[in-house]
Structure formats: C-alpha cells, structure tokens
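Take a look at the structure set out below.
Residues: numbered from 1 along the sequence shown.
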Amino acid sequence: EVQLVESGGGSAQAAGSLRLSCAASEYTYSPFCMGWFRQAPGQEREWVATIFTGGGNTYYADSVKGRFTVSRDHANNTLYLQMNSLEPEDTAMYYCAAPTREIRYCTVKSGNNYWGQGTQVTVSS
C-alpha cells in the first residue's frame, strides 16, 4: 500500500512563502500524475494543482495560478508545492494525492486517490 507523508506546513504572513513536501513510501510506485488539494473549515475539498510525472506538465486552479508551483523529484519520490505570494484565503489543510491505479492517464481530480494525512497552512494578514 502506498503511503504519502506530508510536511512543510505552518504559518506565514500575507505575501510570504511556504514549501510543502509529500514523500511516497514506495520507490517503485510511478503514477502517471500527482496532485494537491486543500480544504478550509466548513468548505468542500478543492483541487489545487496537478503534475504529470512523465513530461512534467502542470495545471493549476485559477485561484493559485501564477503564485503556486508544483514539482516532483523522481529520485526520492517526493512531490512539492511551492507557495508564493500567500494570501489569507490560502489558509486550509493541504493534501497531496496520487491515483490508486497506475494507468496511463490522469484521474487525480476525480478524487479516487491515495491521500496524505494533510498539513495545515495558515496565512495571516
């Protein structure tokens, strides 16, 4: 079973930066894509970003486009989310995600994923 372990959450001021990491336990696990979601209290879970692991193509929600960057280090099987120009509206629990099936197209946005435990991000004004 694939385990996803997140780190890097914390508190930041508006306009500041944080970098989230998500390490996958299985070195041989090679998903077609991986992604990040977030969920604020009382809100529905929101898709944030996706990266295609083969070609490195990335996609972002409109709310974070231009401010967040998703990347992956295949050598240590770690997913990253670099968050710049943070806003109070970015405050949420952030989750990394990877498809449960190693199929050759991306299903991460469907929600049928392995999930990390979540890491809290709090942005103050």
Side-chain angles (χ1 to χ4, degrees):
E1 180 180 351
V2 174
Q3 302 289 327
L4 303 176
V5 180
E6 295 159 315
S7 61
S11 298
Q13 295 180 331
S17 298
L18 287 172
R19 191 190 191 201
L20 308 184
S21 300
C22 177
S25 62
E26 296 288 340
Y27 183 79
T28 59
Y29 178 59
S30 184
F32 192 69
C33 63
M34 298 183 70
W36 288 94
F37 290 73
R38 66 185 183 185
Q39 187 170 23
Q43 304 295 318
E44 295 182 345
R45 186 171 296 183
E46 175 190 19
W47 171 76
V48 173
T50 296
I51 181 168
F52 283 72
T53 55
N57 304 79
T58 57
Y59 301 89
Y60 301 92
D62 289 343
S63 58
V64 306
K65 192 174 298 181
R67 301 186 297 116
F68 291 10
T69 302
V70 61
S71 61
R72 181 174 182 265
D73 183 346
H74 78 275
N76 59 16
N77 218 18
T78 300
L79 182 73
Y80 301 97
L81 185 68
Q82 178 67 47
M83 304 184 293
N84 297 327
S85 302
L86 284 165
E87 303 169 352
E89 291 75 17
D90 297 318
T91 296
M93 187 74 72
Y94 283 72
Y95 301 89
C96 63
T100 56
R101 297 187 295 165
E102 292 183 275
I103 53 180
R104 306 309 293 176
Y105 61 94
C106 185
T107 61
V108 69
K109 292 178 68 175
S110 74
N112 186 23
N113 300 312
Y114 296 112
W115 296 97
Q117 80 284 357
T119 184
Q120 179 67 42
V121 171
T122 302
V123 183
S124 60
S125 300

**OP:** Indicate yes or no for a side-chain donor-acceptor contact from Y60 to the backbone of V70 under 3.5 Å, with no hydrogens or angles considered.
**Re:** yes

Original post:
Once you round to the nearest 0.5 Å, how far does CD1 of I51 lie from CG of N57?
Top reply: 8.5 Å

Original post:
With a 4.5 Å limit on heavy-atom distance, are the side chains of V64 and M83 in contact?
Top reply: no

**OP:** Look up atom CD in E87 and atom OG in S124, then write down how far apart they are to the nearest 0.5 Å.
**Re:** 13.0 Å

Original post:
At what distance, to the nearest 0.5 angstrom, does OH of Y94 lie from CD of E46?
Top reply: 8.0 Å

Subject >> Considering all heavy atoms, the nearest E102-S30 contact >> reply: OE2-N, 3.1 Å

Subject >> Which atom of V108 lies closest to which atom of G35, heavy atoms considered >> reply: CG2-N, 3.9 Å

Original post:
Are F68 and L86 side-chain neighbours, meaning at least one heavy-atom pair lies under 4.5 Å?
Top reply: yes

Subject >> Which atom of A92 lies closest to which atom of Q120, heavy atoms considered >> reply: O-NE2, 3.3 Å

Original post:
Does atom CD of Q13 have more than 12 heavy-atom neighbours, drawn from other residues, nucleotides or ligands, at distances under 6.0 Å?
Top reply: no

Subject >> Side-chain heavy-atom pair P99, F32 within 4.5 angstrom cut-off >> reply: no

Original post:
Apart from Y105 itself, what residues make up its hydrophobic cluster, given side-chain heavy atom links below 4.5 Å?
Top reply: I103

**OP:** For R19, check side-chain hydrogen bond (donor to acceptor under 3.5 Å, both in side chains) against everything at least two apart and list the hits.
**Re:** none

**OP:** Applying side-chain contact (heavy atoms from CB on, under 4.5 Å), run through K109 and Y59 and close with a yes or a no.
**Re:** CA-CA 11 Å; K109 292 178 68 175; Y59 301 89; over 6 Å; no

Subject >> Any donor-acceptor N/O pair, E6 side chain to G118 backbone, under 3.5 Å >> reply: yes

Original post:
Are the side chain of W115 and the backbone N or O of L4 linked by a donor-acceptor pair below 3.5 Å?
Top reply: no

**OP:** Any chance you could measure M34, atom CE, to T50, atom OG1, to the nearest 0.5 Å?
**Re:** 10.5 Å

Subject >> Close side-chain approach of E89 to V123, heavy-atom, < 4.5 Å >> reply: no

**OP:** Check whether any side-chain heavy atom of F37 sits under 4.5 Å from a side-chain heavy atom of N113, and report yes or no.
**Re:** yes

Original post:
Do the side chains of R67 and D90 get nearer than 4.5 Å, heavy atoms only?
Top reply: yes

**OP:** Going by the side-chain hydrogen bond (donor to acceptor under 3.5 Å, both in side chains) test, name the single residue among T78, N77, T58 that passes it with R72.
**Re:** N77

Subject >> S125 to P88 - nearest heavy-atom pair and separation >> reply: OG-CG, 3.6 Å

Subject >> Minimal non-hydrogen separation, L79 against C96, with atom names >> reply: CD2-CB, 4.0 Å

**OP:** Mind checking the SG-CD spacing from C22 to Q117? Nearest 0.5 Å is all I need.
**Re:** 7.5 Å

